[in-house]
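Just so it is clear: chains get the letters A, B, ... in the order the sequence lines come, proteins before strands, and each one is counted from 1.
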Number of protein chains: 2
Amino acid sequence: MHKRISEVPWRQFRRYEHLARAGDRSDCIYCIKDGWACRYELLRDGRRQITALYLPGEYCEPHWLLSGQARLPVMALTRLTARPIPLGQIDHPGEGGVRNVLHAMVQAMERQAQWITRLGRKSATERIVELLADLRARLGSDDDKVVIPLTQREIADIVGLTPVHVNRVLHRLAEQNCVHLCGRSLLASTQMDHSTEQHPCAEKQGEQG
Amino acid sequence: MHKRISEVPWRQFRRYEHLARAGDRSDCIYCIKDGWACRYELLRDGRRQITALYLPGEYCEPHWLLSGQARLPVMALTRLTARPIPLGQIDHPGEGGVRNVLHAMVQAMERQAQWITRLGRKSATERIVELLADLRARLGSDDDKVVIPLTQREIADIVGLTPVHVNRVLHRLAEQNCVHLCGRSLLASTQMDHSTEQHPCAEKQGEQG
DNA sequence: CGCCCGGTTGACGAGCGTCAAGGTCGGTGG
DNA sequence: CCACCGACCTTGACGCTCGTCAACCGGGCG
């Protein structure tokens with residue numbers, strides 16, 4: 001290393017390393033430079049639910065600015081590079097400013113409300129299609145296909161299903177060219193954007209509804 | 001009326017009257033004095049999901065302070081009395097202050113994250129028991145039984161089930177004295193508090209698992 | 001008095017979970 | 001270079017939870 005640690009303005013996390021554990025006091029939030037992170041809740045019987053995703057360019061977790069502590073654990077889903085922003089310095093130039101962080105917080109709330117609707121009222125296929133459409137939009141890529149660096153187990157823990165069922169749904173979507181499955185990597189294509197927020201049960205209704 | 005309207009510091013809403021419609025700009029938040037309200041999302045096929053509940057003493061909706069507008073409609077579930085707090089006057093004495101409103105916002109976010117876990121990973125019985133336990137706690141009543149002024153259809157739209165299935169679960173809970181069903185009114189009892197966050201599948205495991 | 005909303009109940013079936021047995025890929029050590 | 005191992009993915013059989021459909025009841029309100 002030819003750089004002094006103190007000069008490096010970002011931190012690296014390994015895959016599955018924690019950015020925060022349940023109950024931790026936090027004196028900074030992170031601005032994610034590269035990689036994905038998630039907030040999750042683990043029940044004592046092993047069931048897990050992911051309740052938030054953090055993608056490159058997003059703040060993690062903006063509400064620490066107000067609460068000062070993490071209620072739920074947050075961990076990296078991939079190798080992750082993030083810039084810690086000390087809570088006291090948020091209004092320093094180049095740190096985004098309180099205004100932006102609060103705006104990110106409101107956005108996160110609205111996303112959570114959407115997820116409640118999806119988990120409560122949508123079928124397995126709808127949940128997965130809408131998850132992928134949401135991720136495409138947040139990644140802001142113009143490419144036809146974007147890489148989704150999630151395992152099927154992780155997708156299952158986001159959409160509230162089992163890995164086995166996620167697998168079956170993904171293969172059905174692959175037949176319709178909504179996604180591509182190449183080995184262990186998942187590509188979401190633009191094909192499916194029209195399906196979002198569309199059908200009640202987007203499946204077996206081809207002819208004369 | 002022997003009072004001039006302008007002197008009345010609170011507003012009344014009829015049951016099912018809207019406090020805000022989707023997309024409305026809002027120049028005030030409400031502090032609920034009496035009655036219940038909810039935020040909900042309506043899909044075009046008629047499915048509905050309630051994504052937040054507001055009880056007496058709570059702010060509705062705190063994040064309007066930051067966003068200035070309602071993304072989703074909010075309506076009264078009962079007759080409702082609420083005190084509007086103009087956004088510009090939030091820091092005036094007697095209005096709670098920005099600090100309290102932001103704190104309410106963080107609380108609302110944490111509740112939403114909890115609901116994601118419940119909808120994604122819990123059975124029908126668990127969802128209903130935990131809803132009622134949560135409501136008991138928020139009402140802060142010391143009484144053994146508290147009145148829950150929700151129809152079974154409304155409960156269904158909160159916990160992501162059908163009214164028919166909510167009905168069956170409530171009757172099973174009534175057999176175990178977790179709730180009381182008197183005509184159309186629902187009473188939640190203390191009996192069930194211990195069940196919360198306890199069982200994986202809180203049902204058929206009486207003898208030697 | 002009659003309507004309508006909300007609750008109640010049964011029969012039936014679909015969607016999704018569970019269990020179990022491979023298969024495939026990438027990494028690691030010899 | 002190869003053998004081994006552990007994640008992760010894949011696939012089938014089976015069954016439970018919950019949704020759907022339908023009929024009926026009961027009370028409050030116009």
Given [options], which nucleotide is nearest the side-chain atoms of [X]?
X: B:A124; options: D:dT10, C:dG17, D:dC18; value: D:dC18
X: A:Y16; options: D:dT11, D:dG19, D:dC8; value: D:dC8
X: B:T162; options: D:dT20, C:dG7, D:dC8; value: D:dT20
X: A:R184; options: D:dC9, C:dA20, C:dG6; value: D:dC9

Please tell me if the side chains of A:W64 and B:V106 come closer than 4.5 Å, counting only heavy atoms from C-beta onward. no
Around atom NZ of A:K33, are there more than 12 heavy atoms of other residues, nucleotides or ligands at under 6.0 Å? no
Can you check the [X] [atom1] to [N] [atom2] distance for me, whole Å?
X: A:H171; N: D:dC8; atom1: NE2; atom2: C1'; result: 12 Å
X: B:L150; N: C:dG6; atom1: CG; atom2: C1'; result: 14 Å
X: A:R153; N: C:dG17; atom1: CZ; atom2: P; result: 12 Å
X: B:L77; N: C:dG6; atom1: CG; atom2: P; result: 12 Å
X: B:R172; N: C:dG10; atom1: CZ; atom2: P; result: 13 Å

Are OP1 or OP2 of [N] and a side-chain N or O of [X] less than 4.0 angstrom apart?
X: B:Q152; N: C:dT8; answer: yes
X: A:H165; N: C:dG15; answer: no
X: B:N167; N: C:dT8; answer: yes

Pair A:R118, A:Q114: side-chain N/O donor-acceptor within cut-off below 3.5 Å: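 A donor-acceptor contact under 3.5 Å links the two side chains.
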For a quick check, tell me whether the side chain of A:R168 and the base of C:dT18 share a donor-acceptor pair closer than 3.5 Å.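 Such a pair exists between side chain and base.
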Quick one: label B:L161 by what it contacts on the DNA or RNA (base, sugar-phosphate, nothing), any heavy atom closer than 4.0 Å. sugar-phosphate
Does B:V164 or B:E154 map to a spot on DNA chain C nearer the 5' end, using the closest nucleotide for each?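 That would be B:E154.
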If you find the nucleotide of DNA chain C closest to A:G183 and the one closest to A:G160, which residue's nucleotide is nearer the 5' end? A:G160
My understanding is that only one of B:Y59, B:Y54, B:F13 makes a ring pair (Phe, Tyr, Trp, His ring centres under 6.0 Å) with B:Y30; could you say which?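 That would be B:F13; it is the only one of B:Y59, B:Y54, B:F13 passing the ring pair (Phe, Tyr, Trp, His ring centres under 6.0 Å) with B:Y30.
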For A:L132, the option from A:V146, A:L187, A:L150, A:I148 that meets side-chain contact (heavy atoms from CB on, under 4.5 Å):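 When A:V146, A:L187, A:L150, A:I148 are each tested with A:L132, the side-chain contact (heavy atoms from CB on, under 4.5 Å) holds only for A:I148.
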